[in-house]
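Data block below; observations after.
Predicted model, so just to flag it, every value in this text is computed and none were measured.
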Amino acid sequence: MGLAKAIGKRKGFESPSVEAYLLLVRVTDLLQRQMAEVLKQESLTGTQYNVLRILRGHGRPCTCSEIASQLIVQDPDVTRLIDRMEKRALLERTRCTEDRRIVWIKLTDSGAASCARLDAPIRHQHQANFKALSETELHSLITALTKVMEA
């Protein structure tokens, strides 16, 4: 079923770019809702999980600005996000001894365990999301979306 039928649109779209945009928004919403269900088992939001993955990937403490620059979905208040995650003991902050303006954010054992418990369910969700596409189609989709992002 195409987007026009899914949303009950009787006439065609104004242009292919309008249809592509609306389809991306619709698919993004679907994927985010499905991922939220998976993340619910650890009581995490998508952005919180993204922070855990960033810290785990670095394997070292990071600054707030490093984390903010690598988020998939930008969050205007990373400091408050970090506050909430620190209260849950998913990460901890330490002030740099050489430069008190710098605050290091480190993944805790609890945060790492939470992230690890989600690895398999998230991998499974990603596979389920894209099972209708061949590997070639997935690569074409990645190429097309990268062009849109870089335009």
Side-chain angles (χ1 to χ4, degrees), residues 1-93 105-151:
M1 169 189 334
L3 178 62
K5 188 173 181 180
I7 63 174
K9 188 160 178 53
R10 293 186 192 138
K11 294 182 181 178
F13 290 95
E14 178 182 316
S15 69
S17 59
V18 168
E19 183 177 6
Y21 171 79
L22 294 174
L23 187 56
L24 276 171
V25 170
R26 184 76 172 223
V27 170
T28 299
D29 177 61
L30 171 68
L31 295 176
Q32 286 176 332
R33 283 185 285 119
Q34 291 172 342
M35 190 57 64
E37 282 299 311
V38 174
L39 294 172
K40 199 184 288 185
Q41 68 190 29
E42 292 292 324
S43 301
L44 292 172
T45 66
T47 304
Q48 290 171 334
Y49 175 68
N50 193 195
V51 169
L52 295 178
R53 294 264 325 236
I54 289 166
L55 289 169
R56 181 174 72 174
H58 277 280
R60 62 165 175 77
C62 295
T63 64
C64 220
S65 60
E66 280 181 291
I67 292 168
S69 71
Q70 294 176 33
L71 287 172
I72 300 298
V73 177
Q74 298 301 304
D75 187 318
D77 199 354
V78 174
T79 303
R80 198 165 306 179
L81 173 69
I82 299 297
D83 287 342
R84 290 189 302 272
M85 295 178 74
E86 185 177 36
K87 283 179 186 163
R88 293 185 51 201
L90 297 169
L91 45 82
E92 60 186 30
R93 285 188 259 216
I105 296 142
K106 176 186 170 198
L107 186 62
T108 63
D109 290 343
S110 176
S114 203
C115 200
R117 283 189 296 271
L118 288 166
D119 285 340
I122 286 179
R123 189 171 32 258
H124 176 75
Q125 185 62 52
H126 289 320
Q127 289 168 346
N129 289 143
F130 296 100
K131 70 180 178 218
L133 300 179
S134 69
E135 195 166 326
T136 301
E137 289 170 321
L138 274 173
H139 287 293
S140 294
L141 176 62
I142 291 165
T143 299
L145 292 175
T146 301
K147 285 180 181 179
V148 170
M149 184 178 71
E150 293 175 350

Sequence neighbours left out, what passes side chain to side chain donor-acceptor pair (under 3.5 Å) with [X]? Give chain and number order.
| X | answer |
| --- | --- |
| Ser15 | Ser17 |
| Ser114 | Glu42 |
| Ser140 | none |
| Arg93 | Asp83, Glu86 |

Can you name the side-chain contact (heavy atoms from CB on, under 4.5 Å) partners of [X], sequence neighbours left out?
| X | answer |
| --- | --- |
| Ser110 | Leu90, Thr108 |
| His58 | Ile54, Arg60, Cys62, Gln70 |
| Asp77 | Asp75, Thr79, Arg80 |
| Thr143 | Lys147 |

Once you round to the nearest 0.5 Å, how far does [atom1] of [X] lie from [atom2] of [Y]?
| X | Y | atom1 | atom2 | result |
| --- | --- | --- | --- | --- |
| Thr136 | Leu141 | OG1 | CG | 12.5 Å |
| Thr45 | Arg84 | OG1 | CZ | 7.0 Å |
| Leu107 | Cys115 | CG | SG | 7.0 Å |
| Ile105 | Ile82 | CD1 | CD1 | 4.5 Å |

Query raised in the report: Who pairs with Lys40 by salt bridge (charged side-chain N to carboxylate O under 4.0 Å, His left out), at least two apart in sequence or on another chain?
Result: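 If we apply the salt bridge (charged side-chain N to carboxylate O under 4.0 Å, His left out) test to Lys40, skipping adjacent residues, the hits are Glu37.
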
Report task. Only counting residues at least two apart or in another chain, list the ones meeting salt bridge (charged side-chain N to carboxylate O under 4.0 Å, His left out) with Glu19. Result ->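 Glu19: no salt bridge (charged side-chain N to carboxylate O under 4.0 Å, His left out) contacts found.
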
Sequence neighbours excluded and cut-off under 3.5 Å, please list the side-chain donor-acceptor pairs for residues 6-13, or say none.
none

Side-chain contact test, heavy atoms from C-beta onward, threshold under 4.5 Å: evaluate it for [X] versus [Y] and give yes or no.
| X | Y | value |
| --- | --- | --- |
| Leu52 | Leu44 | yes |
| Val78 | Val51 | no |
| Met35 | Leu31 | no |

**Report entry** Backbone N/O of Ser43 and side chain of Arg88: donor-acceptor pair under 3.5 Å
**Finding:**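 Flag set: sc Arg88 to bb Ser43 pair under 3.5 Å.
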
Query raised in the report: Counting N and O atoms only, with roles assigned by atom type, does the side chain of Gln74 sit under 3.5 Å from a partner on the main chain of Leu71, one being a donor and the other an acceptor?
Result: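 Pair found, side chain donor or acceptor close to backbone of Leu71.
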
Report task. Looking only at non-hydrogen atoms, find the nearest pair between Pro61 and Glu66 and report the distance. Result ->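 Closest heavy-atom pair between Pro61 and Glu66: O-OE1, 4.5 Å.
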
Query - CA sep, side-chain torsions, deciding dist, call: Ser65, Thr63, side-chain hydrogen bond (donor to acceptor under 3.5 Å, both in side chains) - result: CA-CA 5 Å; Ser65 60; Thr63 64; 3.2 Å; yes

Requested in this report: Using the salt bridge (charged side-chain N to carboxylate O under 4.0 Å, His left out) rule, collect all pairs that involve residues 119-144, keeping only residues at least two apart or in two chains.
Outcome: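 Qualifying pairs: Arg56-Asp119.
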
Query - Matching residue for Asp29 among Arg26, Arg33, Gln32 - test: side-chain hydrogen bond (donor to acceptor under 3.5 Å, both in side chains) - result: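 That would be Arg33; it is the only one of Arg26, Arg33, Gln32 passing the side-chain hydrogen bond (donor to acceptor under 3.5 Å, both in side chains) with Asp29.
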
